[in-house]
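Inspection log for the structure reproduced underneath, given as structure tokens.
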Amino acid sequence: MLLGAAAVSSHDKFAAFEALFAKNSSEVSRLLMDAITLVDSDESVAVDLIKKASILLRPHAANEDGRRRPATGGLAPWQENRVKKYIEENLSTAISLDELAGLVRLSTSYFSAAFKVSFDMSPHNYIISRRVEYAKRRMANSRDSLSEIALDCGLSDQAHLSRIFRRATGTTPSAWRRFSIGQEVAIGV
């Protein structure tokens with residue numbers, strides 16, 4: 001009887017892994033394709049993307065109820081939420097590591113290491129990724145110039161936006177905007 005229970009348990013674990021894999025396979029594919037396009041231009045971002053894909057494939061990354069387990073040595077959930085909220089509210093300004101560390105009452109060096117454990121990337125890369133996502137939303141939903149969008153994203157100028165956008169997406173902001181608008185027209189939005 002005990003042997004049967006162990007067999008069911010391992011079967012259930014395999015089924016759970018298959019479900020997790022099926023759910024995350026498209027995200028893993030996207031992360032790996034992005035990494036491939038960035039490996040020559042920005043190796044550190046490509047490595048971060050591959051690490052994210054690897055994490056999605058780990059069956060032990062979630063509890064039985066599907067929630068993500070807190071990472072050992074990372075930020076507490078309240079700290080993660082406070083930092084995320086602060087970054088989102090202050091994308092248009094310069095955000096320093098000291099500010100973020102002070103926000104969650106940690107030393108700068110400890111905060112930086114804990115942030116990387118919790119978010120799988122450095123604070124700088126996370127802020128850049130949030131600025132790129134904000135720029136995408138602005139480009140898709142407005143006709144504002146790229147220089148205006150760059151300033152609203154906390155970047156110095158349009159050239160700065162173009163550099164970080166291309167590193168993150170593999171394309172320029174203007175090409176991304178043209179493609180995005182073309183997609184909207186094609187689907188009748």
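Only a predicted model underlies this, so the values are computations on that prediction, with no experimental measurement involved.
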Report task. Measure the shortest side-chain to side-chain distance between Tyr134 and Ser92 over non-hydrogen atoms and say whether it is less than 4.5 angstrom. Result -> no
Closest non-hydrogen atoms of Val104 and Trp78, given as atom of the first, atom of the second and distance, are O-CH2, 4.0 Å
Side-chain donor/acceptor of Ser118 to backbone N/O of Leu75, under 3.5 Å:
yes
**Q.** Any Ile95 side-chain heavy atom under 4.5 Å of Arg130 side chain
**A.** no
When rounded to the nearest 0.5 Å, the distance separating NE2 of His160 from SG of Cys153 is 10.5 Å
Tracing side-chain contacts under 4.5 Å among Ile, Leu, Val, Met, Phe, Trp and Tyr outward from Val132 reaches Ile128, Met139, Leu146, Ile149, Leu155, Leu161, Ile164, Phe165, Trp176
Output for pair (Leu100 CG, Phe111 CZ), nearest 0.5 Å, gives 4.5 Å
Within-4.5 Å side-chain heavy-atom neighbours: Thr171 and Thr37:
no
- Side chains of Arg30 and Asp34: closer than 4.5 Å at any heavy-atom pair? yes
Using 30° and 60° as the class limits, which term best fits the ring planes of Phe115 and Phe119: parallel, tilted or perpendicular? parallel
Is there a side-chain contact between Lys85 and Arg82 in this structure, where contact means two heavy atoms from C-beta onward sitting under 4.5 Å apart?
no
What one should report as the nearest heavy-atom pair of Arg166 and Thr172 is NH1-CG2, 3.2 Å
Residues 144-157 vs salt bridge (charged side-chain N to carboxylate O under 4.0 Å, His left out), sequence neighbours excluded, gives Arg138-Asp144, Arg138-Asp152
Lys/Arg-Asp/Glu bridge criterion (N-O < 4.0 Å) met for Glu133, Lys136: yes
Shortest non-hydrogen pair, Val117 vs Asp120, comes out as O-OD1, 3.7 Å
Distance col, row Gln79:CD vs Lys84:NZ, nearest 0.5 angstrom, shows 13.0 Å
Closest non-hydrogen contact found for Arg143 with Arg177 is C-NH2, 3.9 Å
> Leu106, Met121: one ILVMFWY side-chain cluster at the under-4.5 Å cut-off?
Replying inline: yes
side-chain hydrogen bond (donor to acceptor under 3.5 Å, both in side chains) pairs touching residues 101-113, sequence neighbours excluded, are Asp98-Thr108
